[in-house]
Amino acid sequence: MSMKKIGWDEENKLALKNAFGFLFSEELLTEIETHGQLFAVADGEILMDIGDTMQYMPILLEGAIKVLREDEEGDELLLYFLESGDTCAMTMSCCMGDRKSKVRTAAERDSKIIMVPLDKMSDWIQSYADWRTFVFDSYSVRLSELLESIDSLAFLNMHDRVYKYLKNKMMVNGDAELNVTHREIANDLHTSRVVISRILKSLEREGRIALHRNRLEILEW
DNA sequence: ACATTAAGTGATT
DNA sequence: AATCACTTAATGT
């Protein structure tokens, strides 16, 4: 793991306040600054892998993270994206028993993450109502997102799943131009590259996207 | 110029 | 929707 530890400079403190000021008290914000370590992760880096033991609860300050599940053959399936202000529900369940991750998390783009030690995370549940709210709310939001991805998996055809995936990706990256290959999309959606190429071609014919090498634009959403 | 990787496509199941 | 087999296009050395 080559995450770079960075300091709590004024810019990052401001980012924390912007992302969490409406949720957390001054007191809790200070606690986070003192006990939370701030890290910078680069696009594509794996933060946590399946089987890894959790020691920290990650909170996303800036950027986007994708959460993936893996089958026996090593093929992946995207569960959902995390954005600024989100946290990983896996670590919460880890706090209550099994400390091994059942998912893989990778940086969707350059991001900044706050790592809160697990003992602090559970202490704060006792001492801060706003923290408690945050943890339980996140848990339920994560659960909804999981249900949504099950729905698309079960009820949408591949064509619609691809389009939905692209829109989601555009949303978390804040850009209608996506730097992605057909192979990467196929991996995230657990299908083959040929299938993705065909679907993208048909989306292009419908005028909804434009295709380039290693890159595509969403024209309509 | 050559090798490698990404993407396009017909045919078959 | 998946797989095979092949082609074409873009990019790196």
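- Heavy atoms from other residues, nucleotides or ligands lying under 6.0 Å from CD of A/Glu177 number more than 12.
- Taking atom CZ of residue A/Arg215 and atom P of nucleotide C/dT11, one finds them 10 Å apart after rounding to whole Å.
- One atom, CG of A/Leu216, and another, C1' of B/dA7, lie 12 Å apart when rounded to the nearest Å.
- Atom pair A/Arg183:CZ and C/dA9:P shows a separation of 22 Å (rounding to whole Å applied).
- You'll find a donor-acceptor pair under 3.5 Å spanning the side chain of A/Arg213 and the base of B/dT5, going by distance alone.
- Rounded to whole Å, the distance from CZ on A/Arg161 to C1' on C/dA1 is 11 Å.
- Rounded to whole angstrom, the span from the CD1 atom of A/Ile199 across to the P atom of C/dT3 amounts to 14 Å.
- Taking 4.0 angstrom as the limit, A/His182 places a side-chain polar atom (N or O) nearer than this to OP1 or OP2 of B/dG8.
- The 12-atom threshold is exceeded at NZ of A/Lys167, counting heavy atoms of other residues, nucleotides or ligands nearer than 6.0 Å.
- Between A/Leu189 atom CG and C/dA2 atom P the separation is 10 Å, expressed in whole Å.
- In this structure a side-chain-to-backbone donor-acceptor pair under 3.5 Å is missing from A/Asp49 to A/Arg104.
- A/Ser192 comes within contact range of at least one nucleobase, with a heavy-atom separation under 4.0 Å.
- Under the 4.0 Å criterion applied to side-chain N and carboxylate O atoms, A/Asp86 and A/Arg142 are assigned as salt-bridge partners.
- A/Phe20 and A/Phe24 have parallel rings, their planes meeting at less than 30° on a 0 to 90° scale where 60° marks the start of perpendicular.
- Comparing B/dA6, B/dT9, C/dT3 against the side chain of A/Arg193 picks out B/dT9 as the nearest.
- When distances run from any side-chain atom of A/Val194 to the nucleotides B/dA6, B/dG10, C/dA1, the shortest one goes to B/dG10.
- The distance from atom NZ of A/Lys201 to atom P of B/dG10 is 12 Å, rounded to the nearest whole Å.
- Atom CD in A/Glu204 sits about 9 Å away from atom P in B/dT9, given to the nearest Å.
- Mapping A/Val180 and A/Arg198 onto DNA chain B via the closest heavy atom, the residue that lands nearer the 5' end is A/Val180.
- Taking the side chain of A/Leu211 as heavy atoms from C-beta on, and the options B/dG8, C/dA1, B/dA11, the nearest nucleotide is B/dG8.
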